[in-house]
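For ligands, and for the atoms within them, numbers begin at 1 and follow the listed sequence. All values derive from a computational prediction rather than experimental measurement. We use all heavy atoms of the structure for the numbers below, so side chains are in, but hydrogens, waters and symmetry mates are not.
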Amino acid sequence: MSVRFDVIVVGAALNGLVAGLALGGHRAKRPLSVAIVDSRDPCQSISADNDARASAITASSRRMLEALGVWDHVGQQAQAMREIIVTDGAGHGDRPVLLQFGEGESSACMVENRHMLAGLLAAVETSPNITLVTGHGVTEQNFAPGLAKLKLANGAQFSCSLVIAADGGKSASREAAHIELVGWAYEQMGIVASFDHELPHNGRAEEHFTPVGPFAILPLLGNRSSIVWTKGTVEAKRLLSLTAPDFEIELQNEIGGHLGKITLIGKPQGYPLSMFFAKEFHGPRLALVGDAAHVIHPLAGLGLNLGLRDVAALAECVADAHALGQDIGGLAVLERYSTWRRFDTVATAASMDGFNRLFSNDISLLRILRDIGLRATNQLTGLKQVFAREAAGQTGSLPRLLRGDNI
Ligand SMILES: Cc1cc2nc3c(=O)[nH]c(=O)nc-3n(C[C@H](O)[C@H](O)[C@H](O)COP(=O)(O)OP(=O)(O)OC[C@H]3O[C@@H](n4cnc5c(N)ncnc54)[C@H](O)[C@@H]3O)c2cc1C
């Protein structure tokens with residue numbers, strides 16, 4: 001006997017929880033009945049030891065979290081990015097600044113993922129139309145015409161009109177629907193760590209394009225910062241195997257002295273980096289969102305923001321169909337969603353890949369400028385435009401949730 005919902009979201013991490021709230025949350029105008037299913041208990045991730053990542057949240061993503069009633073909680077933990085500098089990262093410490101964004105050009109802020117997760121879970125708890133089922137993964141999925149049926153590891157059976165796959169880069173839902181991927185793995189890992197420092201960061205985010213990959217220093221609340229330190233896989237594994245004091249020495253050397261002495265918080269974590277996107281963003285009664293649909297290089301901190309744009313667009317397509325009494329998991333809804341999101345995703349993924357390839361090499365800045373002159377300048381201007389458009393929330397056709405309107 002299966003339990004029936006309008007929508008089942010597979011994956012209760014950031015994109016999955018936002019998808020559930022957009023369609024069934026306490027702020028939804030016509031809430032649908034939603035189940036959010038995860039093999040893990042998301043509460044366990046509300047610790048820096050489990051997910052040390054922090055995300056740059058753009059203005060439009062923030063408006064969406066406000067509309068969903070989550071920002072009151074999350075905003076208390078947000079650090080405004082008052083300034084962003086981009087440098088040629090050859091060498092250590094002080095590096096020549098190539099590009100700078102001042103106050104007003106970047107209205108993004110940094111939030112640790114664990115705080116975002118806590119705020120989303122609190123909002124889910126106050127949403128009577130959402131059922132959160134954790135600790136049992138989806139093991140079988142049957143996308144039959146008319147109805148999708150899911151079976152969990154504990155034998156529970158659910159059915160629904162629409163499955164939203166928010167189950168990450170290794171999405172089993174995507175595989176079950178035989179949706180292929182296009183992309184590649186980088187021979188790089190992103191090392192993520194947080195640290196206390198003696199001197200204030202003044203809200204400044206730094207992106208250093210080192211010859212082996214981008215190195216980002218991102219401001220958190222207080223005298224704390226987070227890094228995404230891209231290294232070749234072998235070197236990353238060496239760094240991750242160091243003791244905390246030895247890691248601190250190497251990190252301090254990489255950062256230089258402008259933040260004073262640093263002290264590591266928690267254990268550094270490594271993420272293998274890749275870039276791919278799904279050939280289709282939908283299958284029968286199935287829509288892919290977030291990392292299930294695409295994974296991009298984290299150099300501009302846009303991955304989650306792209307996922308939130310998927311969720312906002314999908315939720316709008318579903319809500320519009322629901323308001324008109326149409327089939328919320330029907331082909332017309334799914335095709336409208338895919339068409340809306342694919343171009344933006346592929347364009348963003350391709351430009352992040354281009355920046356990474358252009359700068360992750362051992363050619364000095366002078367050589368880059370001499371050899372490819374205008375191209376480098378144009379790429380940097382392009383990067384600035386990507387940031388600026390993102391910060392202003394102007395990228396692509398903006399769904400209502402990203403403008404701050406409820407659906
Ligand atoms: C180093 C690094 C730094 C980053 N920095 C930024 C940044 O600054 N800004 C930004 O916007 N983005 C950033 N990103 C990208 C961002 O972190 C991801 O895009 C985002 O977290 C993806 O979230 P998700 O919910 O789609 O997937 P995930 O977080 O992967 O969650 C998937 C969920 O599905 C569950 N699941 C999997 N399989 C099953 C199953 N069979 N049944 C049930 N549940 C299942 C998992 O348990 C998990 O909870 C960064 C990424 C990296 C690697």
Side-chain angles (χ1 to χ4, degrees), residues 8-20 35-45 50-58 60-62 81 108-114 116-117 120-121 132-141 150-154 156 158 163-176 186 188-193 205 207 213-216 218-220 226-231 236 268-275 288-311 345 348-349 352 387 390:
I8 297 175
V9 182
V10 185
L14 301 178
N15 283 312
L17 291 170
V18 173
I36 310 178
V37 180
D38 202 301
S39 42
R40 292 186 305 200
D41 179 355
C43 293
Q44 287 174 357
S45 299
N50 283 320
D51 189 351
R53 277 177 296 179
S55 297
I57 298 295
T58 62
S60 52
S61 295
R62 174 190 166 150
M81 287 162 82
C109 53
M110 289 301 305
V111 184
E112 287 156 271
N113 286 10
R114 62 197 172 106
M116 222 152 13
L117 196 60
L120 291 167
L121 285 169
L132 185 60
V133 183
T134 61
H136 309 287
V138 175
T139 52
E140 278 178 39
Q141 314 196 31
L150 271 62
K151 195 169 177 186
L152 303 196
N154 64 352
F158 296 149
V163 175
I164 300 178
D167 49 349
K170 294 183 179 148
S171 171
S173 304
R174 186 185 64 220
E175 273 182 27
Y186 297 109
Q188 291 176 325
M189 283 179 94
I191 299 175
V192 176
E207 179 84 271
F215 172 53
L218 305 158
L220 302 178
S226 165
I227 52 153
V228 182
W229 195 3
T230 309
K231 286 281 187 191
Q269 295 164 358
Y271 294 84
L273 301 183
S274 56
M275 195 286 293
L288 310 182
V289 298
D291 279 18
H294 44 73
V295 166
I296 64 171
H297 198 287
L299 68 89
L302 293 180
L304 175 62
N305 292 285
L306 265 191
L308 295 179
R309 268 190 255 156
D310 299 341
V311 172
T345 304
T348 308
M352 292 311 111
F387 270 118
E390 277 293 337

S.K.: If the contact criterion is a heavy-atom separation under 4.0 Å, does Ser171 count as touching ligand 1?
M.R.: no
S.K.: Evaluate the criterion side chain to side chain contact (heavy atoms under 4.5 Å, CB included) for residue pair Thr345 and Ile296; output intermediate values, then yes/no.
M.R.: CA-CA 9 Å; Thr345 304; Ile296 64 171; 5.8 Å; no
S.K.: So, do Leu304 and Arg53 sit near enough that their side-chain heavy atoms are less than 4.5 Å apart?
M.R.: no
S.K.: Check ligand 1 against Gly11 and write out every atom of the ligand that is under 4.0 Å from a heavy-atom position of the residue.
M.R.: 33 (C), 34 (O), 35 (C)
S.K.: In ligand 1, which numbered atoms sit nearer than 4.0 Å to a non-hydrogen atom of Gly137?
M.R.: 42 (N), 43 (C)
S.K.: Could you list which atoms of ligand 1 come closer than 4.0 Å to a heavy atom of Gly168?
M.R.: 27 (O), 30 (O), 32 (C)
S.K.: May I ask you to identify, for Val10, whether its side chain, its backbone, both or neither come under 4.0 Å of ligand 1 on a heavy-atom basis?
M.R.: side chain
S.K.: Taking non-hydrogen atoms only, is Pro298 closer than 4.0 angstrom to ligand 1 via side chain, backbone, both or neither?
M.R.: side chain
S.K.: Go through ligand 1 atom by atom and flag the ones less than 4.0 Å from a non-hydrogen atom of Leu14.
M.R.: 25 (O)
S.K.: Between Asn113 and ligand 1, is there a nitrogen or oxygen pair with a distance under 3.5 Å?
M.R.: no
S.K.: Can you pull out the closest protein heavy atom to atom 9 (N) of ligand 1? Residue, atom name and distance to 0.1 Å, please.
M.R.: Gly301 O, 2.8 Å
S.K.: Closest non-hydrogen protein atom to atom 37 (C) of ligand 1, residue and atom name please, with distance?
M.R.: Asp167 O, 3.4 Å
S.K.: Report the distance from atom OG1 of Thr139 to atom CG of Leu152, rounding to the nearest 0.5 Å.
M.R.: 6.5 Å
S.K.: Does any N/O atom on Asn15 come nearer than 3.5 Å to any N/O atom on ligand 1?
M.R.: yes
S.K.: Identify, by atom number and element, the atoms of ligand 1 in contact range of Ala166, meaning under 4.0 Å from any of its heavy atoms.
M.R.: 32 (C), 33 (C), 34 (O)
S.K.: Quick check on contacts: which atoms of ligand 1 are under 4.0 angstrom from a heavy atom of Gly290?
M.R.: 26 (O)
S.K.: For ligand 1, which is the ligand I care about here, please tell me if Val138 has any N or O atom under 3.5 Å from one of the ligand's N or O atoms.
M.R.: yes
S.K.: Using only heavy-atom distances, determine whether the side chains of Gln141 and Ser173 contain a donor-acceptor pair under 3.5 Å.
M.R.: yes
S.K.: Is at least one protein non-hydrogen atom found at under 4.0 angstrom from atom 30 (O) of ligand 1?
M.R.: yes
S.K.: Specify side chain, backbone, both or neither for Pro42, according to which of its non-hydrogen atoms lie closer than 4.0 Å to ligand 1.
M.R.: neither
S.K.: Taking distance alone, with no angle check, do Val192 and ligand 1 share an N/O pair under 3.5 Å?
M.R.: no
S.K.: For Thr58, is there any backbone N or O sitting under 3.5 Å from a side-chain donor or acceptor partner on Asn305?
M.R.: yes
S.K.: Look at atom 19 (O) of ligand 1 and say which protein heavy atom is nearest, naming residue and atom and giving the distance to 0.1 Å.
M.R.: Asp291 OD1, 2.7 Å
S.K.: Identify the closest protein heavy atom to atom 8 (O) of ligand 1: which residue and atom is it, and at what distance?
M.R.: Ala56 N, 3.1 Å
S.K.: Which one holds for Ala54 and ligand 1: side chain close, backbone close, both close, or neither close, with close meaning a heavy atom under 4.0 Å?
M.R.: backbone
S.K.: Report yes or no: does Ser39 have a heavy atom closer than 4.0 Å to ligand 1?
M.R.: yes
S.K.: Where does Arg53 meet ligand 1, judged by heavy-atom distances below 4.0 Å: at the side chain, the backbone, both, or neither?
M.R.: side chain
S.K.: With a heavy-atom distance limit of 4.0 Å, tell me whether Leu304 approaches ligand 1 through its side chain, its backbone, both, or neither.
M.R.: both
S.K.: Do any N/O atoms on Asp38 end up under 3.5 angstrom from N/O atoms on ligand 1?
M.R.: yes
S.K.: Measure the distance from atom 28 (P) of ligand 1 to every protein heavy atom, then report the residue, atom name and distance (to 0.1 Å) of the closest one.
M.R.: Ala13 CB, 3.9 Å
